[in-house]
Amino acid sequence: ERPNSGGRDLLRVETDWANGSFQFFINGGLWLSSGSVYIQHEGRKYTSTDGSLRVKSARNISGYDGGKDLGSYVGSSFEWEAQSGSMKPRMFTNVKQYKKSRVVVFEQVFPDGVSNTATDGKHCNFGLEPNACDWVGLASAFPTFQRTAPSSEDLGWMEIYGQHINGKHGEGPSLGKWSNLSDTMPDGLLSGPLALFNEGGSVAIVSPLSQFMSASMDTSGSVNGSEVSFGLMGGIDAIPQGYSISHVLFAGTDGINHAFEEWGRLLLAYYGKDTAPSSSDVTDKYLTFITDNGAYYYYHAETGKNMLETLLDVDKYGRHLDIPYRNVMIDSWWYYQDANGAVTKWDARDDIFPGGNLGFRELGKRTDWRIIAHNRYWGNETVYDKDSGGAFEFIHDTRSGNDTRPVYALPKHEAFWDYLFGRAVEEWGLYTYEQDWLWVQFLGMDALLTSPTLGREWLIQMGTSAEK
């Protein structure tokens, strides 16, 4: 480690025990001051700023997260209570500073749960294709940072955002000066990790540490975006009893790129993940022939031939030129979709691969390629759904009034993924599954936007099944 680059030699948090506020220092310099803590309840926003959310108690905390590779911590815990008559929902905010790592964790805990927490910030059809929704505001906020508070640093900011994490339409991350409120910061459900930096190469990255699918960021709750808040997305109907969400602030000293690499390693270590399975994967290590958007054979076969014949010709041509293709990526052109592009049946179309799945299997057998198969969002009339004669339960969205967005569905149980993957491996040789268009499934379904748990359950079920 470089001098002043580790643990509490680099980071310091100072807490005001009277009102629950704090200040954040890097290498002795004041970087950030906290702002409002708030929670939505029964259609009203209760906030520390106007006193409708008040500190009820405060205490020191300490502990050890050795199993999650962070080590021991010290910090503070504040109990907040909304001043709302007989029903006074509570939330705890915890600040944990870890002794041997460059990390501060901010945690929200809801011991009793909270009802009617959604904001009125839903807006749809905001320039994305297919049409989708964002939900401005937060159901609860902690931490919040003030952009105009005194600071010893002239900070810049960079935010990764957008449905493809490189801007709304691929224009790259958003950049600005922290203290300049005219440098508007993207927020809502397209927001991503936020990095603050100074000219000396010091960096602070703020991101979710848990509940990734229900976390969001907001600037609309303050005047002219003067505060940046992190917490639960604004569409959540209710927060369950015992629910918690955490955000992490990670500090680095060697520039933005290096800080993001270290932040990524931290999150992998925290959840016990590593890159070994990926680095040993044939589809990662060897050359793949791609048929994704932009490729010549994307929704396009050779004249007078089907896609099986076309890809067999590619294999033949590759062998002639000693091009060592070991895999093929099959994009969305091979399976059945409805008029909105949603998946109705994840089987090979007979007009693409004669014989359907049997024809698809011929591709792998005759080329010895590993198959990487694409999938997208589920249609509301997918054949796997019990409501359409299938064997599995799906969650359905409904539309009413002037809401003309496509209607999607979501598998409810892990057993569906077991069936889908198992059948694909057996019938046509699936090797790697590519789940594309996650943002359409997520932003296009009210069921996912209003639940604090469904998004996580969906992805955990998919991932657990894929590991089997």
In Y336, F394, F416, the residue satisfying ring pair (Phe, Tyr, Trp, His ring centres under 6.0 Å) with Y384 is F416
Practice prompt. Assess whether side chain to side chain contact (heavy atoms under 4.5 Å, CB included) is satisfied between I160 and F260, documenting all intermediate values.
Written response: CA-CA 11 Å; I160 299 172; F260 267 106; 3.9 Å; yes
CG (D292) and CD1 (I290) are apart, to the nearest 0.5 Å, by 7.0 Å
Rounding to 0.5 Å, atoms CD (E153) and CD (E199) come to a distance of 9.5 Å
Is there a side-chain contact between Y46 and V114 in this structure, where contact means two heavy atoms from C-beta onward sitting under 4.5 Å apart? no
- Item | Donor-acceptor under 3.5 Å (S210 side chain, S246 main chain) | yes
Of all heavy-atom pairs linking A409 and N380, the shortest is CB-OD1, 3.6 Å
For this session: List the steps and the verdict of side chain to side chain contact (heavy atoms under 4.5 Å, CB included) for K122 and D446.
Result: CA-CA 10 Å; K122 181 182 179 182; D446 287 354; 2.9 Å; yes
Residue pairs meeting ring pair (Phe, Tyr, Trp, His ring centres under 6.0 Å), one or both in residues 222-251, sequence neighbours left out, come to F230-H247
TODO: Give the ring-plane orientation class for W378 versus W417, where under 30° counts as parallel, over 60° as perpendicular and anything between as tilted.
DONE: perpendicular
(Q) Within a 6.0 Å radius of atom CG on D120, are there more than 12 heavy atoms belonging to other residues, nucleotides or ligands? (A) no
Q.
What I'd like to find out is whether the side chain of S52 reaches to under 4.5 Å of the side chain of R44, using heavy atoms alone.
A. yes
Rounded to the nearest 0.5 Å, the CG atom of D331 sits from the OG1 atom of T291 at a distance of 5.5 Å
d(I395 CD1, L410 CG) to nearest 0.5 Å is 5.5 Å
- prompt: Where does the angle between the aromatic ring planes of F145 and F22 fall among parallel (under 30°), tilted (30 to 60°) and perpendicular (over 60°)?
  reply: perpendicular
Heavy-atom closest pair (A195 atom, V203 atom, distance to 0.1 Å) is CB-CG1, 4.3 Å
Between R12 and G28, the two heavy atoms sitting closest are NH1-CA, 4.3 Å
Item to complete: Evaluate the side-chain proximity of V228 to V206: yes if any heavy-atom separation is below 4.5 Å, no if none is.
Response: no
Nearest heavy-atom approach of W157 to P186 is CH2-CD, 4.1 Å
Closest non-hydrogen atoms of D187 and D218, given as atom of the first, atom of the second and distance, are OD2-OD1, 3.5 Å
Rounded to the nearest 0.5 angstrom, the OG1-CG distance for T148 and N224 is 9.5 Å
Q. Hey, mind stepping through D154 and N198 against side chain to side chain contact (heavy atoms under 4.5 Å, CB included) and telling me if it holds?
A. CA-CA 6 Å; D154 186 21; N198 66 8; over 6 Å; no
Check: Considering only heavy atoms from C-beta outward, does the side chain of E227 approach that of R147 to under 4.5 Å?
Finding: no
Side chains of Y299 and S332: donor-acceptor distance under 3.5 Å anywhere?
-> yes
Query raised in the report: Between S36 and T49, is any side-chain donor less than 3.5 angstrom from a side-chain acceptor?
Result: yes
- Backbone of H374 reached by a side-chain donor or acceptor of Q435 within 3.5 Å: no
| Between E42 and S115, does any side-chain donor sit less than 3.5 Å from a side-chain acceptor? | yes
**Asked** Is there a donor-acceptor contact under 3.5 Å from the side chain of T117 to the main chain of Q40?
**Response** no
* To do: Determine yes or no for a side-chain-to-main-chain donor-acceptor pair under 3.5 angstrom, with E262 supplying the side chain and G252 the backbone.
  => no
| query | Can you check whether S140 reaches F110 side chain to side chain, under 4.5 Å on heavy atoms? | reply | yes
Any donor-acceptor N/O pair, R102 side chain to L10 backbone, under 3.5 Å
no
Original post:
Counting N and O atoms only, with roles assigned by atom type, does the side chain of S226 sit under 3.5 Å from a partner on the main chain of S222, one being a donor and the other an acceptor?
Top reply: no
>> Looking only at the aromatic ring of each residue, does the gap between the centers of F442 and W439 stay below 6.0 angstrom?
In response: no
(Q) Between D112 and R90 (salt bridge meaning N to carboxylate O under 4.0 Å), is one present in this structure? (A) yes
Carboxylate-amine/guanidinium proximity below 4.0 Å for K45 and D50: no
message: Are there over 12 heavy-atom neighbours, none belonging to N257, within less than 6.0 Å of that residue's CG?
response: no
TODO: Determine yes or no for a side-chain-to-main-chain donor-acceptor pair under 3.5 angstrom, with T119 supplying the side chain and V136 the backbone.
DONE: yes
Are W437 and Y408 close enough that their ring centers fall under 6.0 Å?
no
Distance col, row T382:OG1 vs D338:CG, nearest 0.5 angstrom, shows 9.5 Å
Less than 4.5 Å apart, side chain to side chain, heavy atoms only: is that true for D65 and V105?
no
Test: D397 and R405 ion pair at under 4.0 Å
no
Does L443 form a side chain to side chain contact (heavy atoms under 4.5 Å, CB included) with L449? I'd like the steps, not just the answer.
CA-CA 7 Å; L443 297 180; L449 297 181; 4.3 Å; yes
Test item: side-chain donor near acceptor, S48 and W80, under 3.5 Å: no
Flag, side chain of T15 to backbone of W17, donor-acceptor distance under 3.5 Å:
no
Quick note, ring pair (Phe, Tyr, Trp, His ring centres under 6.0 Å) partners involving residues 49-76, not counting sequence neighbours, are Y73-Y98
Note to self: I want to check something: taking the side chain as every heavy atom from C-beta on, are M185 and L194 in contact at a cut-off of under 4.5 Å?
What the structure shows: yes
Scanning both residues in full, the closest heavy-atom pair of N27 with S202 reads ND2-OG, 4.1 Å
The side-chain contact (heavy atoms from CB on, under 4.5 Å) partners of S388 (sequence neighbours excluded) come to E381, D385
### Message
Determine whether a donor-acceptor pair (N or O, by modelled atom type, separation under 3.5 Å) exists between the side chain of S465 and the backbone of D418.
### Response
yes
Worksheet item: Does Y433 reach the side chain of M462, with side-chain heavy atoms less than 4.5 Å apart?
Response: yes
Using modelled atom types and a 3.5 Å cut-off, is there a donor and acceptor pairing between side-chain atoms of T450 and backbone atoms of I236?
no
With no hydrogens and no angle check, just 3.5 Å: does a side-chain donor-acceptor pair link N19 and S21? yes
